[in-house]
Amino acid sequence: MHGCYRLLFHSSRLHLPENQPTLFVFPFRSCSVLSPKTFDRKISTNSSLVSAFYDLHLRSCNNLYSLEQIHSNLATTGLLQHSPHLSAQIIVNYSKFGLLDRARALFDAVHANRSFLWNTIIRVYATSGHVDEALHLYSFMRPTGIPPNNYTFPFVLKACASKPMLRLRRGRGLHCEALKTGFDLDIFVQAALVDMYAKCGEIDDGCQVFDGMLEKDIVSWTTMITAYEQSTHPQESLLLFRQMQAQGIGGDQVTAISVASAIAQLGDIKTARSLHTHVIRNGFRGHVEVGNSLIAMYSNCGDVKSARLVFDGMKERDDISWNSMISGYSQNGNASDALLLFEQMRVHGPESNMVTALALISVCSHLGSLHLAKQVHSLIVSWKVDINTLLWNSLADMYAKCGDMDSAVQMFHDNRTSTKDASSWNVMISAYGLHGHGREALKLYQQMRAQGIQPDDITFTSLLSACSHAGLVEEGREVFDSMKELTMLPMAKHYACMVDLLGRAGLLDEAFDLIAEMPSEPNDAVWGALLGACRIHGNMKLGELAAKRLLCLEPEHTGYHVLMSNVYAASTRWHEVGKVREAMRDRGLKKPAAFSVLEFGREVHGFHTADQFHPEHVKIYGKIEGLIAEMKMKGYVPDGSCVLHDVEEEDKEHILKLHSEKLAVAYGIMRLQDGLPIRITKNLRICNDCHVAFKFISQVCNRMIIMRDANRFHHFQDGSCSCKDYW
DNA sequence: TCCTGCACCT
């Protein structure tokens with residue numbers, strides 16, 4: 001402390017402490033109460049030193065009390081009026097404490113007649129979310145006789161970029177003014193223009209500005225690379241990154257972050273690895289943000305192990321690092337690792353936030369575990385944070401996917417925020433659809449319209465799929481036609497839903513005609529829906545046609561191969577089944593392993609087909625034998641067409657017994673108290689035989705079985721299923 | 001006379 005004073009006094013050459021800021025700032029920062037008064041008395045004769053002293057304090061000011069003291073000292077000595085620089089510092093500091101009103105009061109009081117101060121207050125408003133006020137002040141500059149300069153434009157453009165829907169016109173106007181004043185040649189203004197156009201969705205205009213730049217620095221390139229990435233043009237983003245490197249500019253850590261996001265969108269693991277090498281070579285690894293984006297990049301490429309290696313290798317981790325890693329596990333279906341990491345976060349990591357909550361909710365939705373869902377919900381409530389609409393919607397979706405429609409409805413009603421929007425309604429419409437309640441979905445849609453909520457493309461996808469799952473063909477047609485009345489052009493996904501709806505109902509020719517009518521080229525979802533319908537109704541000819549198209553569009557999609565082999569198997573065309581399998585083998589595709597999860601209380605049990613790892617598997621197989629014997633007395637006949645191998649009937653029956661969902665149900669009956677429903681989640685579609693068997697079991701054992709498969713919920717009770725065998 | 005400025009992560 002004393003050493004610092006001495007330095008200030010004894011060095012006559014000392015002006016601003018910029019040369020060695022840490023030497024000066026550090027001792028002052030540790031001073032809890034300022035001593036400017038004592039200091040004033042000693043050196044108030046030298047005004048430039050006084051300014052330097054206050055400047056120093058303002059730079060390191062971290063509590064409001066000190067700030068107020070400095071403010072009042074400067075005001076009483078009259079220094080404030082003559083030092084716009086100190087005023088600006090105080091204005092910025094007030095905004096750091098969220099005290100925009102005080103910042104503004106000071107700005108007004110000093111009769112700011114310098115562009116510099118106007119720029120400062122505009123920047124403060126623009127960066128603290130008060131976009132309108134920033135633009136408002138800007139429009140007053142010129143009439144007040146203050147000319148905007150090259151510093152002004154980036155601030156105002158930033159304000160426009162943060163409210164893209166409303167501000168594009170204003171942004172274009174600013175571009176004109178920059179052109180007129182010649183500031184459009186300033187490299188900072190240009191980067192801000194590119195950014196503004198891109199954030200307002202006008203990437204081409206941004207590109208034009210970029211191409212017109214005579215000189216480009218790292219930020220110019222990065223801005224354009226980011227612009228492409230954020231407008232979901234990852235290929236262009238990468239191309240530009242390579243062009244930049246070809247010109248001998250390597251990019252900095254910000255560039256690496258944007259490129260990582262672009263690669264995440266592409267999901268290309270090879271490019272991901274080469275970027276990782278680039279990051280290591282250039283020494284960007286130490287930046288937390290870089291590490292975070294690498295985690296997200298690897299997770300999106302499906303390589304969660306590499307993501308974890310990055311996470312473990314980070315010297316510093318923030319809340320985003322933890323959330324990214326938890327989300328990464330969740331996205332890749334790695335529920336237990338996600339939960340484990342969350343537990344570690346609670347012990348060693350930063351505090352959880354909304355994003356953590358969303359990741360946990362996604363884990364529950366994926367698992368379909370109601371028990372876990374309730375725990376996560378009460379955990380979020382205990383955080384005592386305001387639940388926003390996104391979180392309400394996710395909670396409703398989670399409960400619906402965990403089979404608890406009542407709680408889902410509750411979440412929908414509990415959300416009383418004014419931002420309840422189309423997506424809130426969409427969640428509920430698709431929730432009803434998931435449970436086969438098509439009529440409720442339609443009813444909800446009517447209510448939505450009555451409340452004046454504008455439906456979007458997702459509303460119609462959810463509605464059509466709800467109709468499809470409930471077999472409401474006529475209603476589905478009406479919904480589809482009503483899109484045109486609302487001047488909404490049906491997209492490929494809507495056609496896919498319609499093909500699914502008609503196809504399931506056996507109207508295969510009508511479905512095919514609809515595809516022919518499509519204004520755009522049918523995509524894989526459309527042909528996939530047709531192929532699925534062909535499987536249900538055993539139409540091999542049309543199925544082959546659909547499969548041919550599909551394999552051109554998505555040759556690597558395992559599901560479509562499996563679907564086609566199902567079509568052949570259902571018609572006992574074993575030779576063709578073999579061919580499809582061969583094709584899959586040649587491409588290195590594997591049918592995903594069936595997996596069913598049964599939960600009760602705090603326990604979660606997972607079963608693979610013919611599982612022998614479960615500690616009680618012998619007992620479980622015994623239970624299945626007993627159940628089948630009982631069911632056969634009531635008329636159950638095993639459905640061998642579900643077995644996709646060319647084997648003897650007897651073997652088929654044996655294979656059927658070992659399906660993962662049957663193991664799970666048998667174990668549920670063994671362990672769960674009478675009267676309690678058995679809740680099961682399966683990663684694939686439930687097989688026909690299991691569907692028949694569960695109806696019998698629900699009767700024989702007088703049990704409710706609630707099963708979520710890859711497509712929807714089935715509630716088995718008293719010998720029938722809520723899907724009315726239509727799925 | 002100076003001082004202010006552009007790009008990034010769930």
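Chain letters run A, B, ... following the sequence lines, proteins first, then strands; residues in each count from 1.
Salt bridge absent: A/K158 and A/D195 never bring a charged side-chain N and a carboxylate O closer than 4.0 Å. We find that A/E177 and A/K180 are not joined by a salt bridge, their nearest charged nitrogen and carboxylate oxygen being 4.0 Å or further apart. Of the charged side-chain nitrogens involved, at least one lies within less than 4.0 Å of a carboxylate oxygen, so that A/D205 and A/R172 count as a salt-bridged pair. The residues A/D268 and A/R273 are annotated as not salt-bridged, no charged nitrogen and carboxylate oxygen being separated by less than 4.0 angstrom.
Here B/dC8 presents its C1' atom at 13 Å from CD1 of A/I218, a figure rounded to the nearest Å. A straight line from CZ of A/R285 to P of B/dC9 spans 22 Å, rounded to a whole angstrom. If you measure from atom CG of A/L275 to atom C1' of B/dC8, you get 13 Å, rounded to the nearest angstrom. Across the protein-nucleic acid pair, A/W221 atom CH2 and B/dC8 atom P stand 18 Å apart, rounded to whole Å. Rounded to a whole Å, the CZ atom of A/R114 is 8 Å from the C1' atom of B/dC3. We find that CG of A/D252 is positioned 13 Å from P of B/dC9, with the value rounded to whole Å. One atom, CZ of A/R123, and another, P of B/dC3, lie 14 Å apart when rounded to the nearest Å. When rounded to the nearest whole Å, the span between CZ of A/F188 and P of B/dC3 equals 13 Å.
Of the candidates B/dG5, B/dA7, B/dT10, the closest approach to any side-chain atom of A/T222 belongs to B/dA7. Candidate nucleotides B/dC6, B/dG5, B/dT10 were compared by shortest atom distance to the side chain of A/D186, and B/dG5 ranks first. Of the candidates B/dA7, B/dG5, B/dC9, B/dA7 carries the atom nearest the A/D195 side chain, counting heavy atoms from C-beta on. Nearest to the side chain of A/N149, among B/dT4, B/dG5, B/dC9, sits B/dT4. For A/D217, the side-chain atoms get nearest to B/dC6 when compared with the rest of B/dC6, B/dG5, B/dA7. Of the candidate nucleotides B/dC3, B/dT4, B/dA7, B/dT4 has the atom nearest to the side chain of A/F155. Listed nucleotides B/dA7, B/dC8, B/dC6 differ in distance to A/A191; the shortest reach to its side chain belongs to B/dC6.
Ring stacking holds between A/Y151 and B/dT4, with the centres under 5.5 Å apart and the planes within 30 degrees of each other.
Distances shown here put a side-chain N or O of A/K199 below 4.0 Å from the OP1 or OP2 atom of B/dC8. Residue A/Q230 has a polar side-chain atom (N or O) positioned under 4.0 Å from OP1 or OP2 of B/dC8. Within the 4.0 Å cut-off from OP1 or OP2 of B/dG5, not a single side-chain nitrogen or oxygen of A/K158 is found.
Using a 4.0 Å heavy-atom distance criterion, A/D319 is classed as making no nucleic acid contact. Counting any heavy atom pair closer than 4.0 Å across all strands shown, A/L358 reaches no nucleic acid atom. At the heavy-atom level, A/T223 lies under 4.0 Å from the strands shown only through sugar-phosphate atoms.
If you check distances only, the side chain of A/N119 never reaches the base of B/dG5 with a donor-acceptor pair under 3.5 Å.
Side-chain atoms of A/N334 never come within 3.5 Å of backbone atoms of A/S330 as a donor-acceptor pair (strictly under, hydrogens ignored).
A ring-centre distance under 6.0 Å is found for A/W221 and A/F210.
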